[in-house]
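Single-structure report; data block below.
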There are 2 protein chains.
Amino acid sequence: MPKKTFYNLSEEKRNIIIETAIDEFASDSFKNASISKIAERAGIAKGSLYQYFIDKKDLYKHIIEISGNKKLEYLTDCIARIEGLKLFELIRELYKQGILFTIENPKLASITNNFLKETDTRFKEEILGTNMEKSNQFFEMLIEKSKQKGEVKNEIDTKVGAYIITHLNTAIVDQVLNHMEFSEILLNQEELLDKVDKMLFILESGFNS
Amino acid sequence: MPKKTFYNLSEEKRNIIIETAIDEFASDSFKNASISKIAERAGIAKGSLYQYFIDKKDLYKHIIEISGNKKLEYLTDCIARIEGLKLFELIRELYKQGILFTIENPKLASITNNFLKETDTRFKEEILGTNMEKSNQFFEMLIEKSKQKGEVKNEIDTKVGAYIITHLNTAIVDQVLNHMEFSEILLNQEELLDKVDKMLFILESGFNS
DNA sequence: TGACATTATGACTGGGTGGTCATATAATAT
DNA sequence: ATATTATATGACCACCCAGTCATAATGTCA
């Protein structure tokens with residue numbers, strides 16, 4: 001968390017710093033992102049950054065938190081509709097909102113994605129606190145409910161099912177990001193949703209004929 | 001590719017260098033791996049390394065090539081049996097061999113996995129040459145064949161199907177690696193295969209009841 | 001033994017990094 | 001206007017890096 005001095009800054013200055021940090025962390029991993037560059041590009045002295053944040057990790061934590069909150073904004077609507085939707089209707093909505101978030105906030109999406117790819121588990125825990133594995137547990141809960149409703153096969157292993165759904169979600173976000181980097185074209189959202197539907201169709205009914 | 005001087009070295013010395021490089025690239029990304037450390041740990045002068053390899057990328061290329069070849073050894077057997085097996089029997093074998101490779105060669109697996117996570121597409125192309133996307137195309141071909149045999153639903157999108165199978169494969173390898181890092185216990189191979197079976201069951205028959 | 005080619009070496013260059021700290025500036029309070 | 005507190009600064013520290021190159025050591029052939 002930032003020091004008090006950071007919140008004494010004008011909102012404008014705070015925004016510049018945050019935006020610059022987002023830029024930097026979006027284009028490099030935590031390790032390779034540069035505090036020096038952030039300071040330079042934000043037009044402040046490096047020493048000042050250390051007046052606002054304890055250290056690099058502290059700034060990173062704050063940016064990760066911002067990312068998470070922003071993404072939550074995209075998901076809360078459909079999470080609110082949990083009760084009314086069938087499992088795969090809900091998953092479709094979640095995937096869709098994930099894609100939307102990625103398209104509208106590519107830098108934030110890239111940051112959270114880079115973070116997920118981080119291998120150092122201790123580091124991850126340190127940054128996320130207790131919030132880890134939340135996504136997996138959420139899907140596990142959904143699957144259990146759907147089993148009880150008779151929507152989903154009982155023979156299915158809940159944990160493995162949640163694992164599949166989580167991983168394909170991040171895989172999709174990853175692909176969106178890479179395409180956006182490569183061809184600068186804002187890729188067709190409908191085409192993407194079509195892919196998602198094809199994917200969910202496979203998950204729902206299986207490969208076998 | 002290494003310079004001629006590298007191949008003039010004794011096999012022993014060559015092996016030490018390769019092993020040390022594998023260690024280094026396994027524990028850090030290309031960017032963060034250190035030539036200086038490799039030289040120091042291999043007990044040779046840094047300048048010598050540059051007598052054997054053009055630059056860092058050249059050494060990395062060679063290590064990636066070694067990894068790829070070693071993994072191919074694990075897969076050729078079951079690839080040879082393509083004709084006799086059903087789609088998911090084959091996929092099971094491929095996943096299984098992938099896990100086996102990862103357990104028996106965790107460093108090499110970690111290197112290839114880190115490489116796959118690399119975001120810079122140009123860099124990837126430069127390292128791999130034309131070999132990119134091979135895995136995806138392979139699965140696409142398999143799915144097409146299985147459709148013709150009537151094993152697999154025709155309504156399924158081949159590309160999306162291959163995408164799912166490829167991504168879940170790398171996700172599994174990833175999990176194996178992380179577990180190995182964390183608990184130093186050689187994790188139960190049967191337990192893993194059980195998870196794979198549960199995963200394939202879902203893919204074969206779908207979530208819906 | 002001497003002449004030549006090959007290989008080994010590590011100090012060095014120019015660049016980067018996170019983080020510190022004495023000092024300068026600005027703001028506030030008296 | 002003075003004293004006190006809060007913020008801004010950038011030179012500086014210790015460290016790391018990839019890659020170079022003149023020199024030294026070693027090997028090879030005559």
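In what follows, chains are A, B, ... by sequence order, proteins preceding strands, each numbered from 1. Remember, it's a predicted structure, so these values are computed and weren't measured experimentally. No hydrogens, no waters, no symmetry mates; every other heavy atom, side chains included, goes into these values.
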Exercise. Around atom NZ of B/K71, are there more than 12 heavy atoms of other residues, nucleotides or ligands at under 6.0 Å?
Worked result: yes
Exercise. B/A39 near the nucleic acid: base, sugar-phosphate alone, or nothing, with a heavy-atom cut-off under 4.0 Å?
Worked result: nothing
Seminar exercise, completed: Among the nucleotides C/dT9, C/dG18, D/dA18, whichever has the atom closest to the side chain of A/S36 is C/dG18
Problem set entry | Side chain of B/T5 - closest among C/dT7, D/dA18, D/dT9 | C/dT7
For this session: By nearest nucleotide on DNA chain C, pick out whichever of B/K13 and A/S34 is the more 5' one.
Result: B/K13
Problem set entry | Main-chain N/O of B/I165 paired to B/Y95 side chain as donor or acceptor, under 3.5 Å | yes
Problem set entry | Intermediate values then yes/no, side chain to side chain donor-acceptor pair (under 3.5 Å), B/T158 and B/K147 | CA-CA 9 Å; B/T158 302; B/K147 276 186 182 174; 2.9 Å; yes
Exercise. Relative to the 5' end of DNA chain C, which residue comes earlier, A/E24 or A/G47, by the nucleotide with the nearest heavy atom?
Worked result: A/E24
Seminar exercise, completed: Rounded to whole Å, NZ of A/K4 lies from P of D/dT5 at a distance of 17 Å
Exercise. Can you check the A/Q51 CD to C/dA22 C1' distance for me, whole Å?
Worked result: 12 Å
Exercise. Does B/K37 put a side-chain nitrogen or oxygen below 4.0 Å from OP1 or OP2 of D/dC17?
Worked result: yes
For this session: For salt bridge (charged side-chain N to carboxylate O under 4.0 Å, His left out), just list the numbers for A/K145 and A/E83, CA-CA rounded to whole Å, side-chain angles, deciding distance to a tenth of an Å, and then say yes or no.
Result: CA-CA 10 Å; A/K145 273 194 180 177; A/E83 300 301 334; 3.3 Å; yes
For this session: Answer with base, sugar-phosphate or nothing: what part of the nucleic acid does A/K3 contact at a heavy-atom distance below 4.0 Å?
Result: nothing
Problem set entry | Interatomic distance where CG belongs to B/D28 and C1' belongs to D/dC16 [whole Å] | 13 Å
For this session: Return the nearest nucleotide to the side chain of A/Y50; candidates are D/dC17, C/dG10, C/dT20.
Result: C/dT20
Exercise. Roughly how far, to the nearest 0.5 Å, is the CE atom of B/M199 from the CG atom of B/N169?
Worked result: 9.5 Å
Exercise. Under 4.0 Å: is that the gap between some side-chain N or O of B/S48 and OP1 or OP2 of C/dT7?
Worked result: no
Exercise. Separation of A/K46 atom NZ from D/dT9 atom P, in whole Å?
Worked result: 14 Å
Exercise. Think B/N8 has a side-chain N or O under 4.0 angstrom from the OP1 or OP2 of C/dT6?
Worked result: no
Problem set entry | Separation of atom CD1 in B/I17 from atom C1' in C/dT7, rounded to whole Å | 12 Å
For this session: Specify the separation, in whole Å, of atom CD of B/E40 and atom P of D/dC16.
Result: 10 Å
Exercise. Counting any heavy atom closer than 4.0 Å, what does B/Y52 reach on the DNA or RNA strands: base, sugar-phosphate only, or nothing?
Worked result: sugar-phosphate
Exercise. Please give, in whole Å, the distance from C/dG18 C1' to B/N32 CG?
Worked result: 14 Å
Seminar exercise, completed: B/F53 atom CZ is separated from C/dT7 atom P, nearest whole Å, by 14 Å
Exercise. Does B/K56 get its side chain close enough to the base of D/dG19, under 3.5 Å, for a donor-acceptor pair?
Worked result: no
